[in-house]
*Asks:* 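Below: one structure in structure tokens.
We're numbering straight along the sequence, starting at 1.
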Amino acid sequence: CCISIRPERVRIQPSPTDCDVQLGATVTSKSYNGNSWDIATETELGNVNINIPHHGFATPDRGQSIMVGWNLNDMRLVHVD
């Protein structure tokens with residue numbers, strides 16, 4: 001099994017009280033999709049993909065170290081064969 005987290009639920013640089021789970025990550029790639037950014041990161045738990053709306057704010061660059069976070073109810077257990 002593995003854990004699935006909806007990419008739009010993952011937060012970048014959350015404050016300590018914003019998320020139940022927080023960990024360090026390194027940005028491995030990012031792509032602009034017109035109205036949002038898809039950002040791929042590598043963490044000690046594996047790869048975490050993030051989708052954030054484009055509001056004209058700067059996004060982290062490839063190779064940059066960031067913090068990512070999410071809440072427990074944003075995770076789902078997925079059975080993989």
*Asks:* Does the side chain of V27 reach to within under 4.5 Å of the side chain of I66, using non-hydrogen atoms?
*Replies:*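 V27 vs I66: side chains touch.
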*Asks:* So K30 and P60, do their side chains get closer than 4.5 Å, heavy atoms only?
*Replies:*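 No; the side chains remain at least 4.5 Å from each other.
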*Asks:* Answer whether the closest heavy-atom distance between the side chains of T41 and N49 falls below 4.5 Å.
*Replies:*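 Not in contact.
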*Asks:* Distance only, no hydrogens: is a donor on one side chain within 3.5 Å (strictly under) of an acceptor on the other, for N33 and D38?
*Replies:*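 Note: N33 and D38 side chains meet the donor-acceptor criterion.
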*Asks:* Which residues pass the side-chain contact (heavy atoms from CB on, under 4.5 Å) test with N73, not counting sequence neighbours?
*Replies:*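 Result, side-chain contact (heavy atoms from CB on, under 4.5 Å) vs N73: N71.
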*Asks:* Taking C-beta and beyond as the side chain, do T26 and Q64 meet within less than 4.5 Å on heavy atoms?
*Replies:*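 A side-chain contact under 4.5 Å is absent here.
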*Asks:* Under the rule for salt bridge (Lys or Arg N to Asp or Glu O under 4.0 Å), what residues qualify as partners of E8, not counting sequence neighbours?
*Replies:*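 Applying salt bridge (Lys or Arg N to Asp or Glu O under 4.0 Å) to E8 gives R6.
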*Asks:* Counting C-beta onward and ignoring hydrogens, is there a side-chain heavy-atom pair between I12 and I39 closer than 4.5 Å?
*Replies:*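 Of all side-chain heavy-atom pairs linking I39 with I12, at least one is under 4.5 Å.
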*Asks:* Sequence neighbours excluded, which residues qualify as ring-ring contact (aromatic ring centres under 6.0 Å, His included) partners of F57?
*Replies:*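 None.
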*Asks:* Report whether V21 and I52 are members of the same hydrophobic cluster (ILVMFWY, side-chain heavy atoms less than 4.5 Å apart, transitive linking).
*Replies:*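 Yes, it is one cluster - the side chains of V21 and I52 are joined through contacts under 4.5 Å.
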*Asks:* Taking only residues two or more places apart in sequence, or in another chain, which ones meet N35 in a side-chain contact (heavy atoms from CB on, under 4.5 Å)?
*Replies:*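 So N35 forms no side-chain contact (heavy atoms from CB on, under 4.5 Å) with any residue.
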*Asks:* Sequence neighbours left out, what passes salt bridge (Lys or Arg N to Asp or Glu O under 4.0 Å) with R62? Give chain and number order.
*Replies:*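 R62: no salt bridge (Lys or Arg N to Asp or Glu O under 4.0 Å) contacts found.
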*Asks:* Return the CD to OG distance between E42 and S29, rounded to the nearest 0.5 Å.
*Replies:*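 E42 atom CD to S29 atom OG measures 10.5 Å (nearest 0.5 Å).
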*Asks:* H54 vs Y32 aromatic rings, parallel, tilted or perpendicular, using cut-offs 30° and 60°?
*Replies:*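 Rings of H54 and Y32: perpendicular, over 60°.
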*Asks:* Between S36 (side chain) and N51 (backbone), is there a donor-acceptor pair under 3.5 Å?
*Replies:*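 No; zero donor-acceptor contacts below 3.5 Å.
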*Asks:* Where do G69 and C19 come nearest, in terms of heavy atoms and distance?
*Replies:*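 Reported closest heavy-atom pair: C-SG, 3.5 Å.
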*Asks:* State which residues pass side-chain contact (heavy atoms from CB on, under 4.5 Å) with M75; sequence neighbours excluded, sorted by chain then number.
*Replies:*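 In terms of side-chain contact (heavy atoms from CB on, under 4.5 Å), with neighbours along the sequence ignored, M75 is linked to I3, I5, W70, L72.
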*Asks:* Verify, without hydrogens or angle tests, whether Q22 (side chain) and S15 (backbone) share a donor-acceptor contact under 3.5 angstrom.
*Replies:*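 Yes, the answer is positive, given that a donor and an acceptor are paired below the 3.5 Å cut-off.
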